[in-house]
Amino acid sequence: MKKTIELLAPAGDLARLKTAVRYGADAVYLGGKRFSLRSRASNFELEDIAEGVRFAREYEAHVHVTVNIIPHEDDFDGLDDYLRQLESIGVHAVIVASPTIVRRVKTVAPKLEVHLSTQMSSTNSQAVRFYQRLGADRVVLARECTMDQIRQICGHSEVPIETFIHGGMCVNYSGRCTLSNAMTLRDANRGGCAQSCRWRYHLYQGTQELSDDNLLFSMGSKDLMAADYVRDMIDAGVASLKIEGRMKSAYYIAVVVRAYRQLIDWLLEHPEEDAQPAILEARRELMRAENRPACLGFLAGIPGPQDHLYDNAPSRVTHDFLAQVLDYDPLRKQALIEVRNHFALGEALEAFGPHLENTTFVLETMTDEEGTAVEVANKPMQRCWINTPVVLHPYDLIRRKEQGR
């Protein structure tokens with residue numbers, strides 16, 4: 001089946017890049033050590049970017065690199081050399097948030113595609129045409145666009161359009177926020193966002209405190225989850241669907257990429273069929289990886305109070321991810337796994353992978369690498385052999401069986 005829309009996934013390091021590609025991403029975006037936001041992500045040395053490019057090519061996937069700081073006067077040192085290096089190692093595109101950097105890319109590294117970052121707050125087709133004339137090869141729309149606006153922009157634009165479909169939302173317009181600057185001296189638009197919107201605050205009206213110690217105030221948004229709108233995006237002619245989360249875990253990347261990959265493929269194969277069952281299954285799967293509540297963002301219109309985390313509790317930490325498969329012995333019908341979280345004999349588990357549907361089984365036998373029986377796996381990175389009802393492959397994952405299913 002020919003794919004007609006790109007699924008673009010985040011990668012915080014080389015391992016997560018490979019996970020995203022294995023689990024179905026058509027392209028990944030990552031940050032280098034310089035000129036990139038998300039400075040707290042692991043980020044890539046040039047040799048790691050080169051290895052990522054080589055790996056992605058094996059799957060006919062692309063690598064995009066963020067060069068998306070809002071540059072100040074002293075932020076251009078070394079930029080031209082960096083762009084030339086990215087071009088020489090085969091990077092497909094750079095994501096930028098400055099007209100000046102657009103021009104620099106086109107001048108010194110013309111083989112690189114230039115994608116205008118969501119930081120540029122593009123919300124209309126006239127802005128898209130302006131950036132196209134400037135040299136942009138793709139425009140990432142502001143996350144504040146509704147589905148109707150996305151449809152209109154795509155219909156009036158010659159340059160490909162990219163939209164976010166999943167992940168964290170910003171309290172300010174398209175990430176142009178200075179809360180972090182003011183409260184922590186960390187520049188949000190030069191790589192240092194402290195996510196101050198998600199802190200918990202005492203809220204006052206004049207001198208009267210409206211909050212209490214058990215219900216402090218937060219101004220963060222629920223995360224975006226746009227499975228309901230993937231068909232609309234395809235029909236509108238969106239070129240790329242983008243997942244946010246360069247600081248997320250490999251398990252999160254695997255689950256989210258796989259869920260959208262399966263949904264996109266189903267929608268492309270069944271354009272006339274009722275999509276609701278496939279959407280519900282995608283939503284259910286996506287929530288297995290989420291640690292915050294989700295909403296539709298601006299896609300259905302201006303978000304209401306129900307879409308915000310005014311009474312923000314700490315993020316839910318999931319311990320569902322139990323192990324990664326390293327090897328499989330077909331004679332013994334056992335898998336060698338590497339442990340990530342605590343589990344024990346008798347538990348109901350679920351295996352899944354890039355080419356493996358969710359498969360549940362009860363853990364009946366478990367031994368260490370020396371063959372000694374193990375009743376409880378409770379040591380991170382411990383290696384064990386376990387029984388499995390199906391053939392597993394390296395990089396398949398094992399998690400707890402979802403309750404009620």
Establish, for the pair Arg399 and Phe352, whether the NZ or CZ atom is under 6.0 angstrom from the six-membered ring centre and no further than 45 degrees off its axis. yes

Would Asp26 and His62 count as a side-chain contact (heavy atoms from CB on, under 4.5 Å) here? Give the steps. CA-CA 7 Å; Asp26 300 303; His62 290 149; over 6 Å; no

Neighbour count above 12 (heavy atom, 6.0 Å) for Gln276 CD: yes

Residues Asp213 and Arg200 bridged, charged N to O under 4.0 Å: no

Keeping the roles fixed (side chain from Asp223, backbone from Ala294), state whether a donor-acceptor pair exists under 3.5 Å. no

Reported CD1-to-OG1 distance for the pair Ile150 and Thr163, which is rounded to 0.5 angstrom: 5.0 Å

From Arg84 CZ over to Leu79 CG, what is the distance, rounded to the nearest 0.5 angstrom? 9.5 Å

May I ask you to decide if the ring planes of Tyr251 and Phe321 are parallel, tilted or perpendicular, using 30° and 60° as cut-offs? parallel

Hey, does Ile386 have a side-chain heavy atom less than 4.5 Å from the side chain of Met366? yes

Closer than 3.5 angstrom, by distance alone: can the side chain of Asn387 be matched with the main-chain N or O of Thr365 as a donor-acceptor pair? yes

Minimum heavy-atom separation for Ser240 to Ile5, with atom names? N-CG1, 4.2 Å

Distance-only, no hydrogens or angles: does the Glu244 side chain make a donor-acceptor pair with backbone N or O of Gly168 under 3.5 Å? yes

Mind checking whether Arg129 and Ser125 have side chains closer than 4.5 Å, heavy atoms only? yes

Point-to-point distance, once rounded to the nearest 0.5 Å, from OG1 of Thr388 to CD1 of Ile398: 7.5 Å

May I have the step-by-step check of side-chain contact (heavy atoms from CB on, under 4.5 Å) for Arg54 and Ile89, ending in yes or no? CA-CA 9 Å; Arg54 290 191 294 270; Ile89 62 180; over 6 Å; no

Give the intermediate values and the outcome of side-chain contact (heavy atoms from CB on, under 4.5 Å) for residues Val65 and Tyr82. CA-CA 11 Å; Val65 175; Tyr82 182 65; 3.8 Å; yes

Is a side-chain donor-acceptor pair under 3.5 Å present for His166 with Glu290? yes

Quick one: are Tyr252 and Arg16 in side-chain contact, heavy atoms under 4.5 Å? no

Check Glu87 with Lys111, please: is the shortest side-chain N to carboxylate O separation under 4.0 Å? no

Which pair of heavy atoms, one from Trp266 and one from Asp274, lies closest together, and at what distance? CH2-O, 3.3 Å

Salt-bridge present (Glu285, Arg288; N to O < 4.0 Å): no

Under a 3.5 Å distance rule, please check whether Thr178 uses its side chain to pair with a backbone N or O of Asn181 as donor and acceptor. no

Check this for me: Phe361, atom CZ, are more than 12 non-hydrogen atoms of other residues, nucleotides or ligands nearer than 6.0 Å? yes

What orientation do His202 and Tyr204 show, parallel under 30°, tilted 30 to 60°, or perpendicular over 60°? tilted

Is Glu364 paired with Lys333 through a side-chain N to carboxylate O contact shorter than 4.0 Å? no

Paired with Ser221, the side-chain contact (heavy atoms from CB on, under 4.5 Å) test is passed by just one of Met169, Arg292, Arg143, namely Met169

In short, Cys145 meets Ser122 closest at the heavy-atom pair SG-O, 3.9 Å

Nearest atoms (heavy-atom pairs only) where Gly353 meets Asp396: CA-OD1, 3.3 Å

Val325/His393 under side-chain contact (heavy atoms from CB on, under 4.5 Å): CA gap, chis, key distance, verdict: CA-CA 7 Å; Val325 176; His393 299 89; 6.0 Å; no

Which atom names give the shortest non-hydrogen contact between Leu392 and Leu356, and what distance separates them? CD2-CD2, 3.4 Å

Do Asp137 and Lys106 have side chains that get closer than 4.5 Å, going by heavy atoms? yes

Taking atom NE2 as the centre, does His270 end up with more than 12 heavy-atom neighbours from other residues, nucleotides or ligands that are less than 6.0 angstrom away? yes

More than 12 heavy atoms of other groups within 6.0 Å of Gln306 CD: yes

At what distance, to the nearest 0.5 angstrom, does NZ of Lys242 lie from NE2 of His64? 9.0 Å

Would you mind reporting whether Leu241 and Tyr260 have side-chain heavy atoms less than 4.5 Å apart? no

Any side-chain heavy atom of Val230 sitting closer than 4.5 Å to one from Ile264? yes

Taking atom CD of Gln126 as the centre, does the number of heavy atoms from other residues, nucleotides or ligands within less than 6.0 Å exceed 12? no

Quick check against the 3.5 Å criterion: does Arg340 have a side-chain atom that pairs as donor or acceptor with the backbone of Asp320? no

Decide whether Glu402 and Asn358 meet the rule of one side-chain donor and one side-chain acceptor closer than 3.5 Å. no

Taking Ser180 for the side chain and Ala194 for the main chain, is one N or O donor matched with an acceptor at less than 3.5 Å? yes

Please check this pair: side chain of Thr19 against backbone of Ala254, looking for a donor-acceptor N/O pair closer than 3.5 Å. no

N/O donor-acceptor pair under 3.5 Å between Ser98 side chain and Thr100 backbone: yes

Other residues, nucleotides and ligands only: do more than 12 of their heavy atoms fall within 6.0 Å of OH on Tyr395? no

Keeping Ser157 on the side-chain end and Val159 on the backbone end, is there a donor-acceptor pair under 3.5 Å? no

Would one find more than 12 heavy atoms of other residues, nucleotides or ligands at under 6.0 Å from atom CD of Glu369? yes

So, does Thr66 use its side chain to make a donor-acceptor pair with the main chain of Leu30 at under 3.5 Å? yes

How close do Tyr328 and Gln334 get, counting heavy atoms only, and between which atoms? CD1-O, 3.3 Å

Taking the side chain as everything from C-beta on, heavy atoms only, tell me whether Cys177 gets closer than 4.5 Å to Cys197. no

One thing to verify: whether Asp235 and Arg151 come together as a salt bridge, which I'm taking to mean a side-chain N less than 4.0 angstrom from a carboxylate O. no

Value for CD1 (Ile70) from CG (Asp75), rounded to nearest 0.5 Å, stands at 10.0 Å

Answer yes or no: are there more than 12 heavy-atom neighbours, outside Glu47 itself, under 6.0 Å from its atom CD? yes

Could you give the distance from CG (Asn68) to CG (Leu116), rounded to the nearest 0.5 Å? 11.5 Å

Please test Glu58 against Lys18 for salt bridge (Lys or Arg N to Asp or Glu O under 4.0 Å), starting from the C-alpha separation and ending with a verdict. CA-CA 11 Å; Glu58 295 177 16; Lys18 293 179 178 180; over 6 Å; no

If the test is side-chain hydrogen bond (donor to acceptor under 3.5 Å, both in side chains), which one of Glu113, Gln132, Glu162 qualifies with Arg138? Glu162

Hey, does His156 have a side-chain heavy atom less than 4.5 Å from the side chain of Asn124? no

